[in-house]
Amino acid sequence: MATLEIRDLHVSVETKEGAKPILRGVDLTVNSGETHAIMGPNGSGKSTLAYSIAGHPKYQITSGTVTLDGEDVLALSVDERARAGLFLAMQYPVEVPGVSVSNFLRTAKTAIDGEAPALRTWVKDVRTAMDNLRMDPAFADRSVNEGFSGGEKKRHEILQMELLKPRFAILDETDSGLDVDALRVVSEGVNRVRSNSDVGVLLITHYTRILRYIQPDFVHVFVDGKVAEEGGPELAERLENEGYDRFLTSAV
Ligand SMILES: Nc1ncnc2c1ncn2[C@@H]1O[C@H](COP(=O)(O)OP(=O)(O)OP(=O)(O)O)[C@@H](O)[C@H]1O
Ligand SMILES: [Mg+2]
């Protein structure tokens, strides 16, 4: 079992007017096999948390710690973090013109495992994973995310998760912009990884609908750069009915 631990994390973002504090003391512990949902209003810092854990250079850690089994994640480069088993499915996946999906996946797998995957099983694994996610095999030859629809980009993120088998996966609004069928297909993908491995999942979402497919063990309400309340799945239902009003008034 592994533990991803975030302690009193403060993060600023570089702006033209100087450093702007976004995260103001985030505490969060995710163990292997657990699924944590993070919900919260727009601009509360959810993606900032995701990027900070993944190591995006735009975000400056001003204090606090992120550790994986006691190891200092913040001291690692982005690719070292990936090799340590951290995975981020981005809210807005970036296009990589000129790099095909199949090349990208194989390169990522090789970098993370430290050796190239055996060709025969790999080709089969990719085909099966694409099949499961109802992705046309033609996507393998297309440039990463170039011209992909919103939903296709999200499927491609989960395809990576299935093939790279991370220890901890952060899914930033993977459900946004999906039609009903795609939501089910993507959720099934996440659930496959959950049942085939001991992955710990941090699921950032605005909607309880995905939480009916992907049952969270814990729900955290993120407000103004930190966790304002924690509970079980029932907390998500309550937020759906009541919104964030009671947190926003208390924050003022
Ligand atoms: N370069 C920047 N300049 C100024 N403000 C920034 C910059 N980058 C991020 N921010 C601000 O940081 C805050 C947190 O943004 P973040 O993307 O983490 O929010 P979020 O909780 O993911 O929101 P959403 O639910 O809309 O995805 C926002 O108010 C955003 O405008
Ligand atoms: Mg966001």
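Atoms within each ligand, like the ligands themselves, are counted from 1 in listed order.
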Can you check salt bridge (Lys or Arg N to Asp or Glu O under 4.0 Å) on Asp79 and Arg83, steps first, answer last? CA-CA 6 Å; Asp79 50 313; Arg83 276 200 294 277; 3.7 Å; yes

Any donor-acceptor N or O pair under 3.5 Å, side chains Glu173, His206: yes

By the side-chain hydrogen bond (donor to acceptor under 3.5 Å, both in side chains) test, which pairs, at least two apart or in different chains, include something from residues 47-62? Glu14-Gln60, Ser47-Gln91, Ser47-Asp172

Would you check if there is a donor-acceptor pair between the side chains of Glu34 and Asn31 at a distance under 3.5 Å? yes

Thr67 side chain vs Asp69 backbone, donor-acceptor pair below 3.5 Å: no

If you draw a sphere of radius 2.8 Å around the Mg ion (ligand 2), how many protein N/O/S atoms end up strictly inside it? 2

Would Arg7 and Glu5 pass as an ion pair if we require N to O under 4.0 Å? yes

If the condition is side chain to side chain contact (heavy atoms under 4.5 Å, CB included), which residues does Thr128 pass it with, not counting sequence neighbours? Lys124, Asn132

Note down each nitrogen or oxygen pair, ligand 1 side and protein side, whose separation is under 3.5 Å; give only atom names and the distance to 0.1 Å.
{"from": "ligand 1", "atom 1": "5 (N)", "to": "Lys20", "atom 2": "NZ", "distance (Å)": "3.3"}
{"from": "ligand 1", "atom 1": "18 (O)", "to": "Ser47", "atom 2": "N", "distance (Å)": "3.4"}
{"from": "ligand 1", "atom 1": "18 (O)", "to": "Thr48", "atom 2": "N", "distance (Å)": "2.9"}
{"from": "ligand 1", "atom 1": "18 (O)", "to": "Thr48", "atom 2": "OG1", "distance (Å)": "2.6"}
{"from": "ligand 1", "atom 1": "19 (O)", "to": "Gly45", "atom 2": "N", "distance (Å)": "3.4"}
{"from": "ligand 1", "atom 1": "21 (O)", "to": "Ser44", "atom 2": "N", "distance (Å)": "3.2"}
{"from": "ligand 1", "atom 1": "21 (O)", "to": "Ser44", "atom 2": "OG", "distance (Å)": "3.4"}
{"from": "ligand 1", "atom 1": "21 (O)", "to": "Gly45", "atom 2": "N", "distance (Å)": "2.9"}
{"from": "ligand 1", "atom 1": "21 (O)", "to": "Lys46", "atom 2": "N", "distance (Å)": "2.9"}
{"from": "ligand 1", "atom 1": "21 (O)", "to": "Lys46", "atom 2": "NZ", "distance (Å)": "2.7"}
{"from": "ligand 1", "atom 1": "22 (O)", "to": "Ser47", "atom 2": "N", "distance (Å)": "2.9"}
{"from": "ligand 1", "atom 1": "22 (O)", "to": "Ser47", "atom 2": "OG", "distance (Å)": "2.9"}
{"from": "ligand 1", "atom 1": "23 (O)", "to": "Gly43", "atom 2": "N", "distance (Å)": "2.8"}
{"from": "ligand 1", "atom 1": "25 (O)", "to": "Asn42", "atom 2": "ND2", "distance (Å)": "3.1"}
{"from": "ligand 1", "atom 1": "25 (O)", "to": "Lys46", "atom 2": "NZ", "distance (Å)": "2.7"}
{"from": "ligand 1", "atom 1": "25 (O)", "to": "Glu173", "atom 2": "OE2", "distance (Å)": "3.4"}
{"from": "ligand 1", "atom 1": "25 (O)", "to": "His206", "atom 2": "NE2", "distance (Å)": "2.8"}
{"from": "ligand 1", "atom 1": "26 (O)", "to": "Asn42", "atom 2": "ND2", "distance (Å)": "2.9"}
{"from": "ligand 1", "atom 1": "27 (O)", "to": "Gln91", "atom 2": "OE1", "distance (Å)": "3.1"}
{"from": "ligand 1", "atom 1": "27 (O)", "to": "Gln91", "atom 2": "NE2", "distance (Å)": "3.1"}
{"from": "ligand 1", "atom 1": "27 (O)", "to": "Glu173", "atom 2": "OE2", "distance (Å)": "3.3"}

As a quick check of understanding, evaluate side chain to side chain donor-acceptor pair (under 3.5 Å) for Arg194 and Asn191, giving each step before the final call. CA-CA 5 Å; Arg194 289 206 302 170; Asn191 285 333; 2.9 Å; yes

Please report the C-alpha distance between Val180 and Arg209 in whole Å, then the side-chain angles of each, then the deciding distance to 0.1 Å, and finally whether the side-chain contact (heavy atoms from CB on, under 4.5 Å) criterion is met. CA-CA 10 Å; Val180 274; Arg209 206 161 78 187; 3.8 Å; yes

